[in-house]
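For reference, the structure is listed below as structure tokens.
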Amino acid sequence: MKYFVTIILVVIAFAKASSQDITGTWETIDDDTGEVMSHVEIYKRDGKVYGKVIKVLDKSAPEVPLCVECDGSLKNAPIIGLEIIQGLEKKGTEYKNGTILDPENGKSYTCKLWLAADNKDVLMVRGYVAFFYRTQSWKRL
């Protein structure tokens, strides 16, 4: 019986280690140039996943980048600290049913996140408008 309990504990520990979490800091990559544009911290709050910009690395960005294209209360909000990922829920190996804001154009999109199957240090980030979508690969920092 003692060995059976030990085996169960080892299996549970291995399962937890192999199902890495998406929380942490990620580098966003420009689709066209392949350059790192920013760092986004992804975290959990009240059982859902959120993400905020913690650093802007775009050399062409102003010293204090603002969300000039955003509407309402986010109009001209500082991009650093801006919560761009909101309310994602874990469904299997994916996080979905939330939104992502693109500070460059001020638009929000339905969002889905998942870790790449072949590399747990690559986060797949997909934004949707109806059935059209764009997917980016972010790298764990």
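- Of all non-hydrogen atoms in Cys70 and Leu101, the two that sit nearest each other are SG-CD2, 4.0 Å.
- Other residues, nucleotides and ligands place no more than 12 heavy atoms under 6.0 Å from the NZ atom of Lys107.
- In terms of hydrophobic clustering, with Ile, Leu, Val, Met, Phe, Trp and Tyr side chains grouped at heavy-atom distances under 4.5 Å, Ile84 and Leu74 are assigned to a common cluster.
- Rounding to the nearest 0.5 Å places OG of Ser73 at 12.5 Å from NZ of Lys75.
- Taken together through direct or relayed side-chain contacts under 4.5 Å among Ile, Leu, Val, Met, Phe, Trp and Tyr, Leu113 and Met37 form parts of separate hydrophobic clusters.
- Partners of Tyr133 under the side-chain contact (heavy atoms from CB on, under 4.5 Å) rule, at least two apart in sequence or in another chain, are Arg126, Tyr128, Thr135.
- Of the listed residues (Arg45, Lys52, Lys48), just one forms a salt bridge (charged side-chain N to carboxylate O under 4.0 Å, His left out) with Glu83, and that residue is Arg45.
- With no hydrogens or angles considered, a side-chain donor-acceptor pair links Thr28 and Ser38 at under 3.5 Å.
- Clustering ILVMFWY residues whenever any of their side-chain heavy atoms sit less than 4.5 angstrom apart, transitively, puts Leu141 in a cluster other than the one holding Ile85.
- Between the side chains of Asp46 and Tyr50, no donor-acceptor pair is found at a separation under 3.5 Å.
- Atom CZ of Arg140 is separated from atom CG of Leu123 by 8.0 Å, given to the nearest 0.5 angstrom.
- At least one side-chain heavy atom of Val53 sits less than 4.5 Å from a side-chain heavy atom of Val56.
- Cys111 SG to Gln86 CD: the interatomic distance, rounded to the nearest 0.5 Å, is 10.5 Å.
- Cluster membership check: Tyr109 shares its hydrophobic cluster with Ile79, using side-chain heavy-atom separations under 4.5 Å among Ile, Leu, Val, Met, Phe, Trp and Tyr.
- Residues passing the salt bridge (charged side-chain N to carboxylate O under 4.0 Å, His left out) test with Lys112, sequence neighbours excluded: Glu94.
- The minimum heavy-atom distance linking Ile54 with Ile80 is given by the pair O-CG2, 3.8 Å.
- Trp138 CH2 to Ile29 CD1: the interatomic distance, rounded to the nearest 0.5 Å, is 10.0 Å.
- Here Glu27 does not pair with Lys55 in a salt bridge; the nearest charged N to carboxylate O distance is not below 4.0 Å.
- For Lys91, the salt bridge (charged side-chain N to carboxylate O under 4.0 Å, His left out) partners at least two apart in sequence or on another chain are Glu89.
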